[in-house]
**Q** 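Before I ask anything, here is the structure I am working with.
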Amino acid sequence: MGDDKLPKQSENFSEWYNQLIQKAELADYAPVRGCMVVRPYGWALWENIQKELDSRFKASGHVNAAFPLFIPMSFLEKEKEHVEGFAPELAVVTIGGGQTLEEPLVVRPTSETIIGYMYSKWIKSYRDLPILINQWANVVRWEMRTRLFLRTLEFYWQEGHTAHETAQEAEEETLKILDLYTDFAINEAAVPVIPGIKSDAEKFAGAKQSYTIEAMMADTKALQSGTSHNLGQNFAKAFEIEYLDRNNEQQFAWTTSWGLSTRFIGAIIMTHGDDQGLIMPPRLAPIQIVIVPIFRSEDEQGIVMTCVNEIVKLLSKFRVKVDDRENLTPGFKFNDWELRGVPLRIEIGPRDVANNTVVAAQRDIPGKAGKLFLIIDNLDMQIEKILNDIHNRMLDKATKFRDSHIFEPKDYEDFKQIVSNGWAYAYWCGDPACEDAIKQETKATTRCRDLHQQKSDGKCIYCEKPAHYKTYFARAY
RNA sequence: CGGGGUGUAGCGCAGUUGGCUAGCGCACCGCGUUUGGGACGCGGGGGUCGGCGGUUCGAGUCCGCCCACCCCGACCA
């Protein structure tokens, strides 16, 4: 419950974030450093995210399965870049049942290796391809600095792992998923994202190429919100995923992997939230509509509650909660549900019952300006439209905010200024040395090169040598 | 792992040069009055003062060691 007041976003964004998560009961700190407990309200949001993603995966031919939590240490070591990338953040089990294990087991940081091993068993011929598997799982990465949802030692995600006959098919799959993530982010979460290509320094350990959806948070920092990797034949070679092709010749398969995690909840919080608290995107909100009944006497209570119950029936296709707590005033409840980000609040008092109306307060428009007076007839139809309007306004607002904080720098001095409070869209020659120097000097990293950018001529923002593509640079979570 | 900081009730804090039964606000429980934008009164419950050791007649307070967490750097979905 909201006890005392939330810090203002503008005064201390990071405190605002931490406290909001706890006050809104999305998550809490676990007794283990860097671990979180996802509370029912937060998990309900995750379940809605899962539902939307899962149905998209299934619709595009993917199936779910479950692979082990433990991975033999030697598996990680089979792909050179992969082990180098993950070695520093592995949790390793060395004792089982009181006995020292012959081979240490890694708690999965991601499952390319063990799934690769299984794929090599399952795939014999081109007739076995493609194989399109997803798993919903928890993974562990021993991070140094943690933040609720954004970076915890253990987090929840989905990881898709596919194997294909040709390089082209693998690339198509990688891009198809990137597109799927983009569609999800925009149309379900109202989070505008920029799909693009990661630099070599930022790509997944072991990938040939990584794609990302990048979102701008309300403090202008960037958040990598989902990734899709074309693994080429790297893992196929490491795990001998071979098949007999249509010409009766042995070939290595082409694989991909892609994931979206509970980090996305952080994206939702930091894209839409305001000084009052969360603003849940209507299509993912655990509670889409909260009804606050208002009455003085027991007589009024009876009249109002009868009306409330009818309206609950009328709104059965939405996720509705009636706040019938008797020890709290309506004013307190208004603030409480605003903190929790419920997109639409319906107030029903004796006056409304008499007039056959309700008051509806839209979360994204604070105060009286967002209140609507609705006639109860066809309320479900009206509300369907209102929730869509809220989604559209949220997306529009976040998009405008993002676009008004992206600038094309004139020179490197200008660049430094820009990335202190926004994103720079600048030519980069592609040299990792420039990328690294910029990171050291400004804390800004390359986020991505947007997907459909046309080649053009310019000069690198850092070294001023010829460059042909612009890249987004930003401070990132 | 380096630099800085903080540990007293669920949360936020006070606690004097060491002294009596460790306090306050919010939250929680009970009763009553309230209820259209964060209600009020009365009563009540809740503490190994981060841990261990030391100094002392006496330690929340002084000393030592340890632990945890937070902020800033190096690593990251």
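Below, all heavy atoms of this structure are taken into account, side chains as well, without hydrogens, waters or symmetry copies. So that the names make sense, note that chain A is the first sequence line, chain B the second, and so on, each numbered from 1.
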**Q** Among residues 356-375 of chain A, which residues get a heavy atom nearer than 4.0 Å to RNA chain B?
**A**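 RNA chain B contact set from residues 356-375 of chain A: Val359(A), Lys371(A).
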
**Q** Ring of Phe334(A) versus six-membered ring of G38(B): centres under 5.5 Å and planes under 30°?
**A**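 Here the ring of Phe334(A) and the base of G38(B) are not stacked, as the 5.5 Å and 30° limits are not both satisfied.
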
**Q** For Thr146(A), answer base if it contacts any base atom (sugar-phosphate contacts may also be present), sugar-phosphate if it contacts only those atoms, and nothing otherwise; contact means non-hydrogen atoms under 4.0 Å.
**A**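 It contacts nothing in the nucleic acid.
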
**Q** With heavy atoms under 4.0 Å as the rule, sort Leu150(A) into base, sugar-phosphate or nothing.
**A**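 It contacts base atoms.
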
**Q** Any chance you could encode RNA chain B as dot-bracket? Rule is Watson-Crick or G-U wobble with both distances under 3.5 Å; [ ] for pairs crossing earlier ones, | for another strand.
**A** (((((((..((((.....[...)))).((((((.....)))))).....(((((..]....))))))))))))....

**Q** Who pairs with Asp219(A) by side chain to side chain contact (heavy atoms under 4.5 Å, CB included), at least two apart in sequence or on another chain?
**A**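 Partners of Asp219(A) under the side chain to side chain contact (heavy atoms under 4.5 Å, CB included) test: Phe13(A), Met217(A), Lys221(A), Tyr477(A).
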
**Q** Compute whether any side-chain donor of one residue and acceptor of the other, for Tyr412(A) and Glu441(A), lie under 3.5 angstrom apart.
**A**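 On atom types as modelled, these side chains qualify, holding a pair under 3.5 Å.
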
**Q** Between Thr256(A) and Glu173(A), does any side-chain donor sit less than 3.5 Å from a side-chain acceptor?
**A**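 Distance-only check fails for Thr256(A) and Glu173(A).
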
**Q** Does the side chain of Ser199(A) pick up a donor-acceptor pair with the side chain of Thr446(A) at under 3.5 Å?
**A**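 Result is yes, a qualifying pair exists.
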
**Q** Between G38(B) atom P and Glu338(A) atom CD, what is the distance in whole Å?
**A**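 Distance, rounded to whole Å: 12 Å.
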
**Q** Can you see whether Phe334(A) has Arg345(A) sitting over its ring - NZ or CZ less than 6.0 Å from the centre and within 45° of the normal?
**A**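 Arg345(A) over Phe334(A) ring: yes.
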
**Q** Within the structure shown, what part of the strands sits under 4.0 Å from Arg147(A) by heavy-atom distance: base, sugar-phosphate, or nothing?
**A**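 No contact.
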
**Q** To the nearest Å, give me how far apart CG (Asp28(A)) and P (G10(B)) are.
**A**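 It is 13 Å, rounded to the nearest whole Å.
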
**Q** Using the P atom in both, what is the distance from U56(B) to C72(B), to the nearest Å?
**A**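 Here U56(B) and C72(B) have their P atoms 44 Å from each other.
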
**Q** List in chain and number order the residues that pass ring pair (Phe, Tyr, Trp, His ring centres under 6.0 Å) with Phe70(A), two or more places apart in sequence or in another chain; answer none if no residue qualifies.
**A**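 Residues passing ring pair (Phe, Tyr, Trp, His ring centres under 6.0 Å) with Phe70(A): none at all.
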
**Q** Going through the distances and angles, do Thr445(A) and Glu202(A) end up as a side chain to side chain contact (heavy atoms under 4.5 Å, CB included)?
**A** CA-CA 9 Å; Thr445(A) 53; Glu202(A) 296 285 330; 3.8 Å; yes

**Q** Sequence neighbours excluded, which residues qualify as side-chain hydrogen bond (donor to acceptor under 3.5 Å, both in side chains) partners of Thr146(A)?
**A**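 So Thr146(A) forms no side-chain hydrogen bond (donor to acceptor under 3.5 Å, both in side chains) with any residue.
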
**Q** Kindly list each side-chain donor-acceptor pair under 3.5 angstrom involving residues 265-281 of chain A, sequence neighbours excluded, with atom names and distances?
**A**
unit_1    : atom_1 : unit_2    : atom_2 : d
Thr271(A) : OG1    : Ala267(A) : O      : 2.6
His272(A) : NE2    : Ala189(A) : O      : 2.8
His272(A) : NE2    : Ala190(A) : O      : 3.2
Asp274(A) : OD1    : Gln276(A) : N      : 2.8
Asp274(A) : OD1    : Gly277(A) : N      : 3.2
Asp274(A) : OD1    : Arg363(A) : NH2    : 2.7
Asp274(A) : OD2    : Arg363(A) : NH1    : 3.0
Asp275(A) : OD1    : Gln9(A)   : N      : 2.7

**Q** Which nucleotide, A39(B), G37(B), A77(B), lies nearest any side-chain atom of Phe332(A)?
**A**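 So the nucleotide nearest the side chain must be A39(B).
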
**Q** Once ring pair (Phe, Tyr, Trp, His ring centres under 6.0 Å) is applied, do any residues pair with Phe57(A), and if so which ones, sequence neighbours excluded?
**A**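 Residues passing ring pair (Phe, Tyr, Trp, His ring centres under 6.0 Å) with Phe57(A): Trp258(A).
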
**Q** Classify the nucleic acid contact of Gly259(A) as base, sugar-phosphate or nothing, counting any heavy atom under 4.0 Å across all strands shown.
**A**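 It contacts nothing in the nucleic acid.
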
**Q** In whole angstrom, what separates Asn18(A)'s CG from G12(B)'s P?
**A**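 Result: 12 Å.
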
**Q** Could you tell me the separation between the CD atom of Glu25(A) and the C1' atom of A27(B), rounded to a whole number of Å?
**A**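 It is 13 Å, rounded to the nearest whole Å.
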
**Q** Go through the structure and list residues passing side chain to side chain contact (heavy atoms under 4.5 Å, CB included) with Lys80(A), not counting sequence neighbours.
**A**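 Applying side chain to side chain contact (heavy atoms under 4.5 Å, CB included) to Lys80(A) gives Glu84(A).
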
**Q** With sugar-phosphate meaning primed atoms plus P, OP1 and OP2, does Pro350(A) contact a base, only sugar-phosphate, or nothing at under 4.0 Å between heavy atoms?
**A**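 The residue Pro350(A) makes base contact.
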
**Q** Flag the pair Arg340(A) and Asp336(A) as a salt bridge only when some basic side-chain nitrogen lies within less than 4.0 angstrom of an acidic carboxylate oxygen.
**A**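 Salt bridge between Arg340(A) and Asp336(A), a charged N being under 4.0 Å from a carboxylate O: yes.
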
**Q** Can you find an N or O donor on one side and an acceptor on the other, under 3.5 Å apart, linking the side chain of Asp352(A) with the base of G36(B)?
**A**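 Donor-acceptor pair under 3.5 Å: yes.
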
**Q** Can you tell me how far C1' of A39(B) sits from CG of Asn335(A), to the nearest Å?
**A**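 Rounded to the whole Å, the gap is 13 Å.
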
**Q** Report the residues that fulfil side-chain hydrogen bond (donor to acceptor under 3.5 Å, both in side chains) with Tyr211(A), sequence neighbours left out, ordered by chain and then residue number.
**A**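 Checked Tyr211(A) against side-chain hydrogen bond (donor to acceptor under 3.5 Å, both in side chains); matches are Glu171(A), Gln209(A).
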
**Q** Pick out the pairs of N or O atoms, protein on one side and nucleotides 73-75 of chain B on the other, that lie under 3.5 Å.
**A**
unit_1 : atom_1 : unit_2    : atom_2 : d
G73(B) : OP1    : Lys443(A) : NZ     : 2.5

**Q** Mind checking Glu347(A) for me? I need base, sugar-phosphate or nothing, with any heavy atom below 4.0 Å counting as a touch.
**A**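 The answer is base, as Glu347(A) lies within the cut-off (heavy atoms under 4.0 Å) of a base atom.
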
**Q** For RNA chain B, what residues of residues 279-308 of chain A have any heavy atom nearer than 4.0 Å?
**A**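 Only Ile294(A), Phe295(A), Arg296(A) qualify.
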
**Q** Is the side chain of Lys333(A) donor-acceptor paired with the backbone N or O of Arg325(A) at a distance under 3.5 Å, no angle test?
**A**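 Checking the backbone N and O of Arg325(A) against the side chain of Lys333(A), a donor-acceptor pair under 3.5 Å is found.
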
**Q** Tell me, please, which residues at least two apart from Glu172(A) pass side-chain hydrogen bond (donor to acceptor under 3.5 Å, both in side chains).
**A**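 Residues passing side-chain hydrogen bond (donor to acceptor under 3.5 Å, both in side chains) with Glu172(A): Gln168(A).
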
**Q** In whole Å, what is the span from the NZ atom of Lys333(A) to the P atom of G37(B)?
**A**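 One finds 13 Å between P of G37(B) and NZ of Lys333(A), rounded.
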
